[in-house]
Colleague: 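My structure is below; once you've seen it, I'll send some questions.
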Amino acid sequence: MDLTATQWTPASYTEFLTFLESKRHESARERAAKIVRTNYPLLGISMADLKAWGTAISQGDPAGFLAVADTAFYEVILVRAYVISQLRLDLPDFVAACDRYFATADCWAICDMAIHFKQVKRYPAEFLTTIDRYLQSGQPWFQRSGLVFLLKFYLTPDFRDQAFTRVLSVTSEDYYVQLGQAWFLATAFKDDPDRIYQILEALPVPLVQRTVQKIKSLSRTTPDQKHVLTGILAQRRAE
């Protein structure tokens with residue numbers, strides 16, 4: 001199927017779904033199902049293939065594809081993300097595309113496609129309004145998406161402090177939201193370990209545990225840093 005040349009209609013989209021189903025890989029699907037807990041049907045298609053197809057669609061009729069694409073398969077949703085990531089959109093259209101996309105999220109992997117939405121770099125200050133809306137929504141998958149935007153695009157000199165403030169303002173017992181916060185703090189740790197140590201002294205213990213585990217799993221974390229982190233976690237558990 002020539003995805004660049006396709007003009008998207010209900011009929012061509014049905015053809016695309018048939019094309020996807022022909023690429024089903026059962027052993028890969030079984031592996032993915034253990035990691036990605038989604039209610040959408042899984043086909044077991046590689047991320048490399050999904051990205052290549054999303055890129056091809058973005059070079060043809062991306063608006064037509066986004067208009068007809070639904071949530072028939074988990075992989076369709078990821079293709080949608082790759083298509084969106086390739087488009088040059090003004091801020092209102094980008095926000096609308098994000099809202100539609102993240103509204104379909106039912107697992108961490110769909111949220112984490114935010115790392116590809118590089119359009120944020122064109123208007124980082126303005127897009128913070130959308131991130132704030134996601135973080136304040138109380139909806140875990142929107143919150144997770146907002147956190148991923150912050151860790152990917154806002155750990156910069158101009159926005160670092162604002163990003164920290166937003167991440168630490170989120171209060172959630174949801175496992176995947178807390179993992180998003182831990183991922184942010186682990187990403188920031190390389191350049192700001194002392195700040196992270198201080199933050200860990202005040203966070204809820206479950207979040208401290210997730211953050212310490214994440215930081216210690218990174219290859220760049222030194223033995224001395226791991227020792228400090230282990231001590232902080234032990235102290236917090238003993239409180």
Side-chain angles (χ1 to χ4, degrees), residues 32 34-40 47 74 77-78 80-82 84-85 94-95 97-121 124 127-156 159-193 195-218 220-221 229 232-233 236:
K34 295 177 181 178
I35 301 170
V36 179
R37 303 297 179 87
T38 178
N39 292 317
Y40 299 114
M47 295 296 285
Y74 163 79
I77 298 172
L78 299 194
R80 288 173 56 209
Y82 281 125
I84 293 168
S85 74
F94 178 58
V95 170
C98 287
D99 287 351
R100 287 192 298 270
Y101 173 76
F102 293 114
T104 68
D106 75 341
C107 65
W108 63 267
I110 294 174
C111 300
D112 292 4
M113 293 299 288
I115 66 172
H116 299 289
F117 288 7
K118 57 187 178 295
Q119 295 96 329
V120 174
K121 295 179 181 179
F127 193 70
L128 281 172
T129 300
T130 299
I131 291 175
D132 287 341
R133 177 161 54 84
Y134 288 1
L135 297 180
Q136 295 164 14
S137 69
Q139 208 281 353
W141 300 125
F142 273 112
Q143 291 177 310
R144 168 85 179 200
S145 303
L147 293 167
V148 173
F149 275 120
L150 290 171
L151 70 89
K152 178 63 178 179
F153 299 108
Y154 288 87
L155 281 172
T156 63
F159 292 97
R160 191 178 189 87
D161 288 344
Q162 294 183 58
F164 268 96
T165 297
R166 285 169 165 83
V167 170
L168 297 176
S169 73
V170 176
T171 302
S172 175
E173 296 182 1
D174 183 84
Y175 175 74
Y176 291 102
V177 173
Q178 290 192 1
L179 283 186
Q181 292 173 290
W183 186 10
F184 174 93
L185 295 171
T187 303
F189 182 80
K190 177 184 176 181
D191 297 322
D192 216 348
R195 184 175 192 171
I196 304 304
Y197 293 146
Q198 184 176 6
I199 287 171
L200 292 175
E201 299 287 353
L203 291 179
V205 173
L207 182 50
V208 173
Q209 179 174 326
R210 303 193 204 293
T211 304
V212 167
Q213 290 174 338
K214 183 66 175 177
I215 297 173
K216 290 173 69 174
S217 73
L218 301 177
R220 64 175 180 262
T221 306
L229 291 164
I232 292 173
L233 179 56
R236 294 302 316 280

Colleague: How long is the span from the CZ atom in F189 to the CD1 atom in I199, to the nearest 0.5 Å?
Modeller: 11.5 Å
Colleague: Can you tell if the side chain of R133 reaches within under 4.5 Å of the side chain of D99, non-hydrogen atoms only?
Modeller: yes
Colleague: Can you tell me how the ring of Y134 sits relative to the ring of F149, calling it parallel under 30°, perpendicular over 60° and tilted otherwise?
Modeller: tilted
Colleague: Relative to each other, are the rings of Y176 and W141 parallel, tilted or perpendicular (30° and 60° limits)?
Modeller: tilted
Colleague: Specify whether F184 and F164 have parallel, tilted or perpendicular ring planes, treating 30° as the upper limit for parallel and 60° as the lower limit for perpendicular.
Modeller: perpendicular
Colleague: Which atom pair, heavy atoms only, marks the closest approach of V148 to A114?
Modeller: CG1-CB, 3.9 Å
Colleague: Atom OG1 of T156 and atom OH of Y154: how far apart are they, to the nearest 0.5 Å?
Modeller: 8.5 Å
Colleague: Once the angle between the rings of F117 and F94 is folded into 0 to 90°, is it parallel (under 30°), tilted (30 to 60°) or perpendicular (over 60°)?
Modeller: perpendicular
Colleague: Would you name the heavy atoms of V177 and P140 that are closest together and state the gap between them?
Modeller: CG2-O, 3.5 Å
Colleague: Within the supplied structure, the quantity of interest is the number of heavy atoms (other residues, nucleotides, ligands) at a distance under 6.0 Å from K190 NZ; does it exceed 12?
Modeller: no
Colleague: Could you pull out the closest heavy-atom pair between M47 and L78, with the gap in Å?
Modeller: SD-CD1, 3.5 Å
Colleague: Please report the shortest heavy-atom distance between L203 and R236, naming the atom on each side.
Modeller: O-NH1, 2.7 Å
Colleague: What residue pairs, at least two apart or across chains, pass salt bridge (Lys or Arg N to Asp or Glu O under 4.0 Å) with a residue in residues 164-179?
Modeller: D132-R166
Colleague: So which atom in W183 and which in I115 form the shortest heavy-atom distance, rounded to 0.1 Å?
Modeller: CH2-CG2, 4.3 Å
Colleague: Quick check against the 3.5 Å criterion: does Q213 have a side-chain atom that pairs as donor or acceptor with the backbone of A182?
Modeller: no
Colleague: How many angstroms lie between CG in L179 and CG in L207, if you round to the nearest 0.5 Å?
Modeller: 9.0 Å
Colleague: Measure the spacing between CG of L229 and OG1 of T221 and express it to the nearest 0.5 Å.
Modeller: 7.0 Å
Colleague: I'd like to know whether V212 forms a side-chain contact (heavy atoms from CB on, under 4.5 Å) with I232, so could you lay out the CA-CA distance, the side-chain angles of the two residues, the decisive distance to 0.1 Å, and finally the verdict.
Modeller: CA-CA 9 Å; V212 167; I232 292 173; 5.6 Å; no
Colleague: For G180 and L151, work out which heavy atoms get closest and say how close.
Modeller: O-CD2, 4.2 Å
Colleague: Do other residues, nucleotides or ligands put more than 12 heavy atoms under 6.0 Å from the CD atom of Q198?
Modeller: no
Colleague: Quick check for you: to the nearest 0.5 Å, what is the distance between K214 atom NZ and Q181 atom CD?
Modeller: 14.0 Å
Colleague: Which donor-acceptor pairs under 3.5 Å do the side chains of residues 104-113 make with protein atoms, sequence neighbours left out?
Modeller:
unit_1	atom_1	unit_2	atom_2	d
T104	OG1	Y101	O	2.6
D106	OD1	T38	OG1	2.8
D106	OD2	T38	OG1	3.1
D106	OD2	N39	N	2.7
W108	NE1	I35	O	3.2
D112	OD1	R144	NE	3.0
D112	OD1	R144	NH2	3.3
D112	OD2	R144	NH2	2.8

Colleague: To the nearest 0.5 Å, what is the distance between NE2 (H116) and NZ (K152)?
Modeller: 8.5 Å
Colleague: Taking CZ in R195 as the centre, count heavy atoms belonging to other residues, nucleotides or ligands within less than 6.0 Å. Is the count above 12?
Modeller: yes
Colleague: Flag the pair L150 / L135 as yes when at least one side-chain heavy-atom distance between them is below 4.5 Å, and no otherwise.
Modeller: yes
